[in-house]
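From a predicted model like this one, the values you see are computed outputs, not experimental measurements.
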Amino acid sequence: MYSSILLYSYELNGLEDSNNNALSYGNFISYPLRNFTFHSTLQFSSSRRITIEGVSTIPDIAMYPGEKLQNLSLIIQHFDGEFVKFLVAPLSIKYSSTFIKMDYLLTTTTSSSSNYNLQINNLSVRLLSPTTSQNVSITAFLVIDASYEIPFNIITLPCPERYHLESRYSVDGFICVEDSHVPFEIIIPVVRVVQKLKTLEKKQRAEKKLESNFIGMKTYIEGGYSLLQHDFLDRSSENSTYLIPVEDLSIIKKIGEGGNGSVYHAKWNGSEVAVKSIKSDVSNEESEEFQKEAALLSTLRHPNIVNFYGVSIINSTKCMVVEYLSRGSLDRMIYNCRSRQCVLKLFQKLDILLGVAKGMAYMHSLKPNPVVDVYSFAIIMWELFFEETPYMSQHSKKFQKFKSHSTTSTDSNEGGARALMQVLKGNRSLIPFSIDNNEELVLWLNEFLVPQNPEIDIQTLVKIVSTYIDLMKQCWQSNPELRPNFLQIVEVLSSLLM
């Protein structure tokens with residue numbers, strides 16, 4: 001039996017009682033604890049359970065270091081028979097010892113409606129020194145509230161047979177750990193083990209060399225380029241690594257192939273990624289270029305630049321693991337539009353170009369400034385808008401609308417080499433209308449653009465297209481000094497989307 005004092009107010013079933021001085025509650029009433037009794041239960045496992053009823057005491061808890069007491073539970077009954085369901089704070093344990101450390105989980109202060117159990121869960125002890133006697137006994141106190149503490153004893157037992165004391169998991173203390181052993185019945189095929197060890201050693205050497213080369217190039221690149229914006233990579237960490245174990249990659253399918261390697265759709269730790277591989281028989285220069293690309297990507301972080309995750313080695317093939325783009329590359333999307341496999345509305349095209357321009361503006365912000373190709377961006381603008389092949393589209397219906405239209409642009413149907421010559425001569429891809437001739441522009445738009453964009457009225461369409469074509473022409477100016485930078489391009493494209 002225990003005496004009590006009046007304490008401060010609390011809540012009952014979510015409603016505040018301003019005159020309530022209780023810190024614990026039953027089903028229908030609330031008042032301070034006084035003259036209460038309790039039953040205690042120790043649950044070590046499903047087969048080991050100790051319950052004390054009729055006597056308000058907690059039995060001695062005997063356990064070896066590291067053993068778990070699943071729960072210590074109390075059922076508290078007030079002097080009038082009311083069961084306590086709520087406490088102002090979780091049950092806790094107070095103790096003082098230079099020999100052991102105690103761990104446990106705090107649980108809710110509310111018992112269930114059926115069993116009224118108030119609990120301490122996952123109680124365990126660890127020795128602070130391996131030389132401490134394993135028969136230590138201390139007195140601890142189970143704290144009910146500010147007025148009540150129930151004393152009980154904890155006794156540490158020696159480690160069970162085939163267990164030994166060990167410091168584990170970087171915790172401050174020692175617990176009993178099972179001895180490691182190899183059953184006599186297991187026969188190890190030595191030759192296979194040696195072969196696997198040699199293969200593993202070779203793989204580790206290759207990975208170490210790849211990672212060393214990669215880090216060297218990354219350090220060189222970071223030394224030459226400083227980001228104006230926040231750098232999201234923790235370059236100060238000596239423990240950081242970009243090496244991804246091949247075991248963590250699961251190849252789904254091949255999604256592309258080039259002269260130097262292939263690109264695969266894969267999964268890495270549950271996430272979809274793209275794996276770009278380089279063939280094992282490429283030249284040293286091509287291999288070094290691949291590693292430079294990976295090292296450069298690792299220094300870049302921007303929403304419009306593909307994320308770099310790391311490098312890996314599959315057999316003897318070097319791989320780069322990057323963000324997977326489910327809709328494919330921009331080049332593939334332009335091809336699909338050209339072949340009528342997909343239809344993009346004008347605002348979708350503007351949004352794509354804005355994303356490209358933002359990524360390029362970020363690249364342009366690097367110091368010292370890298371070479372940023374505004375002319376190539378103009379070609380992308382042309383391809384997305386007209387959905388044709390540059391310099392080889394003169395027979396397309398889109399370019400036959402106004403045959404007498406005069407332009408400095410020249411098209412050819414003689415292939416890529418001829419197209420390159422057109423660029424070198426200063427010729428630009430054909431624009432089949434003049435933005436200065438409003439009547440001509442309206443006629444062309446009504447036939448080739450309005451059907452895909454019926455939600456845009458013709459005057460708005462004229463304004464957008466005129467600004468678009470003018471920007472494109474600025475980007476392919478013969479004099480590079482007259483071309484806009486990407487921040488200016490972003491500003492113009494953003495205005496067209498407003």
Partner set under side-chain contact (heavy atoms from CB on, under 4.5 Å) for [X], not counting sequence neighbours:
X      : result
Ser478 : Arg428
Val450 : Asn446, Ile458, Leu461
Gln341 : Tyr335, Asn336, Ser339
Asp331 : Ser329

Where [X] and [Y] come nearest, the two heavy atoms and their spacing:
X      : Y      : result
Val356 : Leu330 : CG2-CD2, 4.0 Å
Ile93  : Tyr104 : N-OH, 3.0 Å
Phe308 : Met320 : CE1-CG, 3.5 Å
Leu441 : Ser434 : CB-O, 4.1 Å
Arg483 : Trp476 : NE-C, 4.1 Å
Ser124 : Lys68  : OG-NZ, 4.1 Å

Taking only distance into account, with no hydrogens and no angle test, what donor-acceptor pairs under 3.5 Å do side-chain atoms of residues 488-498 form with protein atoms, sequence neighbours excluded?
from, atom 1, to, atom 2, distance (Å)
Gln488, OE1, Asn485, N, 2.9
Ser494, OG, Val490, O, 2.7
Ser495, OG, Val492, O, 2.5

Does [Y] offer a backbone N or O that forms a donor-acceptor pair with the side chain of [X] under 3.5 Å?
X      : Y      : result
Ser466 : Val462 : yes
Tyr468 : Met381 : yes
Asn304 : Lys358 : no

- prompt: Are Trp444 and Phe433 close enough that their ring centres sit under 6.0 Å apart?
  reply: yes
- prompt: Do Phe377 and Phe486 have ring centres separated by under 6.0 Å?
  reply: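 Aromatic pair counts; centres sit under 6.0 Å.
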From [X] atom [atom1] to [Y] atom [atom2], the distance as rounded to the nearest 0.5 Å:
X      : Y      : atom1 : atom2 : value
Ile175 : Ser167 : CD1   : OG    : 8.5 Å
Phe44  : Asn71  : CZ    : CG    : 10.5 Å
Phe385 : Met472 : CZ    : CE    : 8.0 Å
Leu72  : Asn121 : CG    : CG    : 9.0 Å
Ser312 : Lys276 : OG    : NZ    : 15.5 Å
Tyr362 : Leu487 : OH    : CG    : 13.5 Å

Could you tell me if the side chain of [Y] sits less than 4.5 Å from the side chain of [X], heavy atoms only?
X      : Y      : result
Leu91  : Gln119 : no
Pro484 : Leu471 : yes
Cys475 : Tyr375 : no
Lys473 : Ile431 : yes
Ile456 : Leu449 : no
Met333 : Leu384 : no

- prompt: For Leu344 and Gln452, what are the C-alpha separation, side-chain angles and deciding distance, and is it a side chain to side chain contact (heavy atoms under 4.5 Å, CB included)?
  reply: CA-CA 8 Å; Leu344 290 178; Gln452 288 79 35; over 6 Å; no
side-chain hydrogen bond (donor to acceptor under 3.5 Å, both in side chains) with [X]: which residues, sequence neighbours excluded?
X      : value
Gln474 : Asp470
Lys349 : Glu387
Gln43  : Arg49
Arg338 : Glu383

task: May I have all residue pairs that pass salt bridge (Lys or Arg N to Asp or Glu O under 4.0 Å) and include part of residues 444-465, sequence neighbours excluded?
output: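 As it turns out, the salt bridge (Lys or Arg N to Asp or Glu O under 4.0 Å) pairs with a partner in residues 444-465, which skip direct neighbours, are Lys345-Glu455, Lys397-Glu447, Lys401-Glu447.
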query: Can you list the residues that meet the salt bridge (charged side-chain N to carboxylate O under 4.0 Å, His left out) rule with Lys101, with sequence neighbours excluded?
result: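 Once residues adjacent in sequence are excluded, Lys101 has no partner under the salt bridge (charged side-chain N to carboxylate O under 4.0 Å, His left out) criterion.
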query: Near Arg340 CZ, under 6.0 Å, is it more than 12 heavy atoms from other residues, nucleotides or ligands?
result: yes
Name each donor-acceptor pair under 3.5 Å that joins a side chain in residues 262-275 to protein atoms two or more places apart or in another chain, with its distance.
from, atom 1, to, atom 2, distance (Å)
His265, NE2, Glu272, OE2, 2.9

Criterion side chain to side chain contact (heavy atoms under 4.5 Å, CB included) on Leu346 and Ile464, from CA distance to verdict: CA-CA 9 Å; Leu346 181 58; Ile464 292 174; 3.9 Å; yes
- prompt: Are side-chain N/O atoms of Asp373 and Ser376 paired as donor and acceptor at under 3.5 Å?
  reply: yes
message: Using 30° and 60° as the class boundaries, would you call the ring planes of Phe386 and Phe399 parallel, tilted or perpendicular?
response: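 The arrangement is tilted - the two ring planes meet at 30° to 60°.
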